[in-house]
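Below is one structure, written out as structure tokens; comments come after it.
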Amino acid sequence: MVSDKTILKRSINMINKTKNIDADEKKQRIEVVKTILTEKDIEKRYSKLYDMICDYLDHEFIDKNVCGFKDDLCSKRRHMIEKGIKKDTYINGCCHGYKAGGDCEHLKNGRCSIKNIACKTFTCPYLRLQGKNYSINKIYFAKYFFNMRQKFYMENTYFVDKDVVLKGILERM
């Protein structure tokens with residue numbers, strides 16, 4: 001396990017290399033990392049980090065409208081309809097399951113009702129071709145807190161709630 005001192009040093013280095021943010025934002029980000037490091041109970045630390053990652057991704061996707069929703073259709077669906085490739089007008093983008101024949105069971109009132117990093121980092125191939133992809137390694141306050149096995153597990157365990165994923169993270173220490 002990497003020491004807290006190493007995590008802080010690497011995180012500060014990553015933050016300082018980040019472009020398009022000012023000195024105040026860099027200072028705030030460093031404080032976030034320091035705050036996380038004050039939590040010595042590893043289960044509580046991972047729980048706090050998990051919530052922060054989910055909140056960050058929710059903010060990214062919703063506030064920035066990453067999927068390009070307009071009139072309840074994502075940019076991929078609109079593109080396919082415009083090109084005559086598909087005529088379906090499923091709303092809710094990737095949260096609509098073709099095999100299940102409907103929306104994800106966790107989709108409630110147009111929002112995901114569970115905290116799941118795999119679901120929240122997922123972007124369809126259409127968005128990835130546009131350079132829109134997300135990973136724990138790109139999140140400054142998460143990159144150095146988890147090992148590779150934990151990151152792989154989090155980014156590939158879909159449709160289950162936080163408690164299940166946290167248990168798996170702890171098993172992969």
Side-chain angles (χ1 to χ4, degrees), residues 11 14-22 24-26 28-33 36 46-146 148 150-162 164-166 168-169:
S11 297
M14 180 182 184
I15 292 165
N16 285 330
K17 286 182 179 179
T18 304
K19 297 175 183 173
N20 301 324
I21 60 170
D22 61 24
D24 287 337
E25 176 68 18
K26 288 180 182 184
Q28 286 176 337
R29 289 182 177 195
I30 291 167
E31 288 306 312
V32 167
V33 173
I36 295 167
Y46 281 152
S47 179
K48 186 181 216 176
L49 271 165
Y50 196 91
D51 288 341
M52 289 175 70
I53 293 167
C54 288
D55 293 346
Y56 168 81
L57 291 166
D58 282 343
H59 169 76
E60 283 290 301
F61 276 80
I62 295 166
D63 293 351
K64 293 182 178 180
N65 194 16
V66 171
C67 297
F69 278 100
K70 182 178 175 185
D71 299 325
D72 294 327
L73 294 174
C74 66
S75 58
K76 175 187 176 185
R77 293 264 184 244
R78 286 195 319 278
H79 173 77
M80 292 173 80
I81 291 167
E82 289 167 8
K83 296 288 184 188
I85 299 168
K86 288 246 184 191
K87 294 183 181 181
D88 63 34
T89 55
Y90 295 127
I91 60 172
N92 300 323
C94 295
C95 293
H96 180 84
Y98 291 105
K99 291 180 183 175
D103 290 335
C104 174
E105 66 183 86
H106 301 293
L107 191 66
K108 308 285 187 229
N109 299 321
R111 301 271 187 230
C112 186
S113 63
I114 63 171
K115 288 189 177 246
N116 183 282
I117 290 174
C119 294
K120 293 178 185 302
T121 57
F122 180 82
T123 52
C124 68
Y126 181 78
L127 291 178
R128 287 193 300 269
L129 284 171
Q130 297 173 14
K132 296 177 182 178
N133 60 334
Y134 289 82
S135 150
I136 292 172
N137 277 334
K138 292 182 179 180
I139 303 172
Y140 74 91
F141 58 82
K143 180 174 181 169
Y144 300 111
F145 282 91
F146 302 99
M148 291 306 291
Q150 291 169 320
K151 291 176 195 176
F152 182 82
Y153 175 77
M154 282 187 282
E155 290 182 333
N156 290 284
T157 305
Y158 292 89
F159 313 117
V160 294
D161 208 354
K162 172 186 170 181
V164 174
V165 180
L166 279 177
I169 291 168

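As a basis for the values below, the full set of heavy atoms in this structure was taken, side chains included, without hydrogen atoms, waters or symmetry mates.
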Test salt bridge (charged side-chain N to carboxylate O under 4.0 Å, His left out) applied to E60 - qualifying residues, sequence neighbours left out
K64
Among all residues two or more places apart in sequence or in another chain, which pass the ring pair (Phe, Tyr, Trp, His ring centres under 6.0 Å) test with F69?
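Applying ring pair (Phe, Tyr, Trp, His ring centres under 6.0 Å) to F69 gives none.
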Once ring pair (Phe, Tyr, Trp, His ring centres under 6.0 Å) is applied, do any residues pair with Y140, and if so which ones, sequence neighbours excluded?
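Y140: no ring pair (Phe, Tyr, Trp, His ring centres under 6.0 Å) contacts found.
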Could I get the full list of side-chain hydrogen bond (donor to acceptor under 3.5 Å, both in side chains) partners for K17, not counting sequence neighbours?
none
Looking at every heavy atom in both S113 and K108, which two are closest together, and how far apart are they?
CB-CG, 3.6 Å
Least distance between heavy atoms, Q150 atom then F145 atom:
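That would be OE1-O, 4.4 Å.
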So with a 6.0 Å cut-off around NZ of K70, is the heavy-atom count from everything else above 12?
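Check fails, neighbour count at 12 or below.
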Over 12 non-hydrogen atoms of neighbours within 6.0 angstrom of CG in D71:
no
Heavy-atom donor-acceptor pair, Y158 side chain to I117 backbone, under 3.5 Å
no
Within the distance-only criterion (no hydrogens, no angle test), does the side chain of N133 pair as donor or acceptor with the backbone N or O of R128 below 3.5 angstrom?
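Checking the backbone N and O of R128 against the side chain of N133, no donor-acceptor pair under 3.5 Å is found.
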CG-CD1 distance between L73 and I81, expressed to the nearest 0.5 angstrom
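The distance works out to 5.0 Å.
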Can you pull out every salt bridge (Lys or Arg N to Asp or Glu O under 4.0 Å) where at least one residue sits in residues 113-124? Sequence neighbours excluded, please.
D51-K115, D55-K115, D58-K120
Between Y134 and F61, is the ring centre distance below 6.0 Å?
yes
Step through it carefully: locate the ring centre of H106, locate the ring centre of F159, and say whether they are under 6.0 Å apart.
no
Using the side chain to side chain contact (heavy atoms under 4.5 Å, CB included) criterion, which residues pair with L129? Sequence neighbours excluded.
none
Note: E155-K151 ion pair, threshold 4.0 Å (strictly below)
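No, this pair does not count.
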